[in-house]
Engineer: 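First the structure, then my questions, so here it is.
All values reported here derive from a predicted model rather than from experimental measurement.
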Amino acid sequence: MIYKLVYGEPDIESGAVLSRFTNKIPLSKSDEFISLFRDFQAQIEEYNSQVFFVLKRQYDSDGYFFGFGDKVGPLDRNGRKYTFWNTDNFTHHPSADPLYKSFPFYIYVSKDLKTKYGCFTDFPGYLEIDVNSNNDNTLTFRSKGKGFVQYIIIENSVRKIVEQYLKLTGKNIAFPVWAFGYQQSRWSYFSEKEVLDIARKFRAKKIPCDVIYLDIDYMEKYKVFTWNKKNFPNYKKMLESLHKDGFKVVSILDPGVRVEEGYFVFEEGKNKYFLKDPSGKDFEGAVWPGRVRFPDFLNKNVRNWWAKNAKKYLDDGVDGFWNDMNEIAIFATEKDLQEAREKLKEAKLEDGINLAGLLGTIGEIGRRGHGDDIVHLDGTPHWKVKNVYGLNMVRATSEMLQKENKRPFLLTRSAYSGIQRFGGVWTGDNHSWWEHILQEIVRLNSLSLAGVFYSGCDVGGFGGDVNAQLLIRFMQFGLFTPMFRNHSAIGTRRQEPWEFGPETESILKEVINWRYRLIPYIYTQYMIGVLKDKPLMRPLFYDFEQPESFGIEDEYLFDDSILVAPVYRPNVQKRVVWLPKTSIGIFDNKVYKKGWNVVDTPIEYIPAFQIVNSAIPTIEPTQYVDLSKVDKIVWKVFRTSERAKVTGYLYEDDGSTFDYKKGVYNLKQVTVKEGYVEVKTLNSKYVTREREWKFEILDSKGQMKKLSVVVGSDGELKIPIQ
């Protein structure tokens, strides 16, 4: 059940909650939740002449706090204060906060597992949530302004809480099927020759790849909606050539529009579509192109204008966009520069420690939110809605594509609750640090709990220099994430799969091949998840609410049948893994018992396991995703015994439109019972080709049985197991 609480006098809406719910959920009073918590303070307070609403809440039983999306730190958020104020913070150390995104939604689970609830504090401006940092069982919510709205979700499982949260904020939009192939990126591939060379190398080496990215240098002087004519003189032919070879192309979009007379985007937008300063003039700051102005994506007309320009790229042959710098990231304003000059004017070496502090404050200028410096076209102060700027940027292009019945490939660095209705996210500027493999496990699983099902990180690390061992382990983790993209920064060690010699290349090629073997499983589980509000990647406790699972953050589920326990330290030869059921190693075929196990982890081995009584559809690796050409499916069935019942699914649709919402998809159910395999067609509105299905049925004693059958679009089959 969802309950609505109103504190103070809220005067802004985020748009996160679906309009059909904003006025239909009856108001509740906090004393109705006395079994969960007690509010003992709710009042307006002033700090530095600014008004804040402060809510303090006491709870009795010790528990876990999961959620908040893209935050660093432990999976359990207990014991720390978090700030929700979207910021370009590029050093993701363990206490870095805030970062790019705001998902002020958490799930509480008491230590005895008897009490569970979700809490969404819907406020798109500056917000702090202190989760028991004083160890006194107190929660403190502090927002700038006069109040906020909360939604309390009470259910008996984490799964049902997430489902209710998505009912409130909207279902995930489906990504195209090619979005689940391997993706290669770098800041930057500087010319069409370099892009084509990278593509040819993948195909020549027979390393599968679906997507190549274009970072900021494909543009002329970093001007959005332009092409660098010197380095990309024949970009349309380049795109055509890449498409013929099975590649898709995703280009970056930044919101800052260069101030330049004659530049069509600037001329169209000036004094019309851009954010304002308090005097009523177009607000200006500095980003990659230099002096820029920023579209007001809160305004529908501005979103339509932006989408029309984005469509020109799509018409040229670009297949998708990653929206960056949209927190909004601003290097500095004129006011910032003047302040820095004034501070440095009297600075001298004799100032000692004070000089260090001064330089530190100047270094923080680029992380300011400029909430008080910016006004939206409708008069809304930016500080009230800063956290939905990136969401509305993605919304602009997404709504245009949805009208055309085209699934968008849209990533965003900045986001707020509800982003799942328009696109997916990546976690921004991580580093080539061993610690960041574990950190990305936590971040991506927390994003799933915040309702975002298509997410990923810069595999290999964006900043810093990767080495061969770290790249292998990072890629092994990336294999089991929704978006599998290798990305690195300018000036760092290159990370393409062939960069560290033949031995490393061979290992990485096999990692990528495994991604393509599992495409039927990955796409099936992802699309069923979109339809049924179930994340593809999720913590163990999502499915197994057992005491052990709530304390584990370095393992996770890749939907129902696969458990992943990545290696995230160098030179690890063995690691401890907790398994909720008997499982078989996907890469070593060893059977492991339920509970704690010590598993071997040689560099070529990924600690990933198929959970017992499951069936996984696989294919032979292809150079890019195209399920319509697949003529053989191999089902890997692992069961406790011949008497066990096993169920698996295979989902297919056109992979590019929203026709699945109309039921235009094909869904097969496989059931392995004692003595036979049964294939049922649960939905057949999408016609698929006739294929050979092979079954490799293994039990926990190592006994293998095999059979094969030809399966078409429709009908039912029952095949005896000999």
Side-chain angles (χ1 to χ4, degrees), residues 514 516-529 531-532 534 536 543 557-563 580-587 589-592 594 608-622 627-653 665-722:
W514 266 103
Y516 284 77
R517 286 187 184 100
L518 290 170
I519 284 294
Y521 170 79
I522 294 170
Y523 189 63
T524 292
Q525 299 301 329
Y526 170 77
M527 286 303 301
I528 291 175
L531 292 167
K532 296 188 176 182
K534 182 181 65 171
L536 174 63
D543 293 68
L557 296 169
F558 202 51
D559 215 81
D560 296 334
S561 304
I562 295 177
L563 184 148
K581 294 182 178 181
T582 300
S583 302
I584 187 171
I586 291 175
F587 302 94
N589 290 317
K590 291 182 181 178
V591 175
Y592 296 91
K594 174 183 176 180
F609 308 87
Q610 181 176 352
I611 298 171
V612 76
N613 295 331
S614 64
I616 296 177
T618 67
I619 58 173
E620 280 300 303
T622 55
L627 293 176
S628 68
K629 295 180 180 178
V630 172
D631 56 14
K632 183 189 295 182
I633 304 283
V634 178
W635 288 83
K636 304 288 187 178
V637 179
F638 178 53
R639 58 182 179 171
T640 48
S641 67
E642 291 187 1
R643 286 183 285 183
K645 180 181 177 182
V646 179
T647 303
Y649 297 91
L650 182 68
Y651 172 100
E652 291 181 86
D653 60 19
Y665 58 85
N666 195 292
L667 181 62
K668 295 282 198 303
Q669 181 187 69
V670 168
T671 304
V672 181
K673 296 182 180 179
E674 186 175 4
Y676 64 90
V677 172
E678 185 178 59
V679 179
K680 286 187 177 181
T681 304
L682 303 183
N683 200 78
S684 60
K685 292 185 179 179
Y686 179 74
V687 177
T688 60
R689 66 183 300 171
E690 197 171 70
R691 297 187 179 100
E692 180 187 10
W693 282 20
K694 289 192 171 184
F695 292 86
E696 297 177 356
I697 305 169
L698 182 69
D699 64 29
S700 58
K701 295 180 180 179
Q703 296 175 325
M704 171 77 77
K705 295 191 176 181
K706 297 182 179 182
L707 60 93
S708 65
V709 65
V710 175
V711 178
S713 277
D714 207 348
E716 297 188 9
L717 297 167
K718 194 170 183 179
I719 314 104
I721 300 174
Q722 302 297 331

Engineer: Begin from the C-alpha positions of Leu650 and Tyr523 and carry the test side chain to side chain contact (heavy atoms under 4.5 Å, CB included) through to its verdict.
Structural biologist: CA-CA 9 Å; Leu650 182 68; Tyr523 189 63; over 6 Å; no

Engineer: List the atom of Tyr665, the atom of Asp653, and the distance in Å for their closest heavy-atom pair.
Structural biologist: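 Shortest heavy-atom separation between Tyr665 and Asp653 comes out as CB-CB, 3.9 Å.
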
Engineer: To check you understand the geometry: which heavy-atom pair defines the closest contact between Leu536 and Tyr526, and what is its length?
Structural biologist: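 Result for this residue pair: CD1-N, 4.2 Å.
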
Engineer: Sub-3.5 Å donor-acceptor pair from the side chain of Asn666 to the main-chain atoms of Ser684, do we have one?
Structural biologist: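 Such a contact is absent between Asn666 side chain and Ser684 backbone.
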
Engineer: So, taking the atom named OG1 in Thr681 and the one named CG in Asp714, what distance separates them when rounded to the nearest 0.5 Å?
Structural biologist: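 Rounded to the nearest 0.5 Å, the OG1-CG separation comes out at 5.0 Å.
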
Engineer: For Arg517, give me all partners under salt bridge (charged side-chain N to carboxylate O under 4.0 Å, His left out), at least two apart in sequence or on another chain.
Structural biologist: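 In terms of salt bridge (charged side-chain N to carboxylate O under 4.0 Å, His left out), with neighbours along the sequence ignored, Arg517 is linked to Glu510.
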
Engineer: Report yes if some heavy atom in the side chain of Leu627 is under 4.5 Å from a heavy atom in the side chain of Ile619; otherwise report no.
Structural biologist: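 SC-SC contact between Leu627 and Ile619 confirmed.
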
Engineer: Is there a side-chain contact between Thr582 and Phe638 (heavy atoms, below 4.5 Å)?
Structural biologist: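 They are in contact (side-chain heavy atoms under 4.5 Å apart), so the answer is yes.
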
Engineer: Report yes if the side chains of Ile697 and Arg639 come closer than 4.5 Å at any heavy-atom pair, otherwise no.
Structural biologist: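 Yes, at least one pair of side-chain atoms sits under 4.5 Å.
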
Engineer: What closest approach, in Å, do Pro720 and Leu707 show between heavy atoms, and which atom pair accounts for it?
Structural biologist: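 Shortest heavy-atom contact: O-CD2, 3.9 Å.
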
Engineer: Any sub-3.5 Å donor-acceptor pair from Ser708's side-chain atoms to Lys694's backbone N or O?
Structural biologist: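 Not at all, since once roles are kept as given, no pair shorter than 3.5 Å links the two residues.
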
Engineer: Tell me the closest heavy-atom pair linking Val630 and Arg691, and the distance in Å.
Structural biologist: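 For Val630 versus Arg691, the nearest heavy atoms are O-NE, 2.7 Å.
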
Engineer: Do Glu690 and Val710 make a side-chain contact, defined as non-hydrogen atoms from C-beta onward lying under 4.5 Å apart?
Structural biologist: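 Touching, per the 4.5 Å side-chain cut-off.
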
Engineer: Pair up each side-chain donor or acceptor in residues 608-617 with any protein partner under 3.5 Å, not counting sequence neighbours, and list the distances.
Structural biologist:
unit_1 : atom_1 : unit_2 : atom_2 : d
Gln610 : NE2    : Ser614 : O      : 3.1
Gln610 : NE2    : Ser614 : OG     : 3.2
Gln610 : NE2    : Lys636 : O      : 2.9
Asn613 : OD1    : Thr640 : N      : 3.1
Ser614 : OG     : Ile611 : O      : 2.5

Engineer: Got a sec, which residues hit side chain to side chain contact (heavy atoms under 4.5 Å, CB included) with Thr671, two or more places apart in sequence or on another chain?
Structural biologist: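 Only Lys645, Thr647, Gln669, Lys673, Glu678 meet the side chain to side chain contact (heavy atoms under 4.5 Å, CB included) criterion with Thr671.
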
Engineer: How would you list, by chain and number, every residue that makes a side chain to side chain donor-acceptor pair (under 3.5 Å) with Thr618, sequence neighbours excluded?
Structural biologist: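 None.
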
Engineer: What residues, two or more places apart in sequence or in another chain, satisfy side chain to side chain contact (heavy atoms under 4.5 Å, CB included) together with Val709?
Structural biologist: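 Listed in chain order: Trp693, Phe695, Val711, Leu717, Ile719.
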
Engineer: Can you find a pair of side-chain heavy atoms, one from Val634 and one from Glu696, that are under 4.5 Å apart?
Structural biologist: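 The answer is yes, as the side chains (C-beta and beyond) meet within the 4.5 Å cut-off.
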
Engineer: Decide side chain to side chain contact (heavy atoms under 4.5 Å, CB included) for Leu667 and Tyr649; before the verdict, give the C-alpha distance in whole Å, the side-chain angles of both, and the deciding distance to 0.1 Å.
Structural biologist: CA-CA 7 Å; Leu667 181 62; Tyr649 297 91; 4.2 Å; yes

Engineer: Assess whether side chain to side chain contact (heavy atoms under 4.5 Å, CB included) is satisfied between Trp514 and Ile586, documenting all intermediate values.
Structural biologist: CA-CA 10 Å; Trp514 266 103; Ile586 291 175; 3.9 Å; yes

Engineer: When rounded to the nearest 0.5 angstrom, what distance separates CD in Glu620 from CD1 in Ile633?
Structural biologist: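 With rounding to 0.5 Å, CD (Glu620) is 11.0 Å from CD1 (Ile633).
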
Engineer: Heavy atoms, side chains only, cut-off 4.5 Å: are Trp635 and Val677 in contact?
Structural biologist: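 Of all side-chain heavy-atom pairs linking Val677 with Trp635, none is under 4.5 Å.
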
Engineer: Using only atom types and a distance under 3.5 Å, with no angle test, would you say the side chain of Arg689 pairs donor to acceptor with the backbone of Gly712?
Structural biologist: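 Such a contact is absent between Arg689 side chain and Gly712 backbone.
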
Engineer: Look up atom OG in Ser583 and atom NZ in Lys590, then write down how far apart they are to the nearest 0.5 Å.
Structural biologist: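 The OG atom of Ser583 sits 15.0 Å away from the NZ atom of Lys590.
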
Engineer: Under the rule for salt bridge (charged side-chain N to carboxylate O under 4.0 Å, His left out), what residues qualify as partners of Lys534, not counting sequence neighbours?
Structural biologist: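 Salt bridge (charged side-chain N to carboxylate O under 4.0 Å, His left out) list for Lys534, sorted by chain: Asp559, Asp560.
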
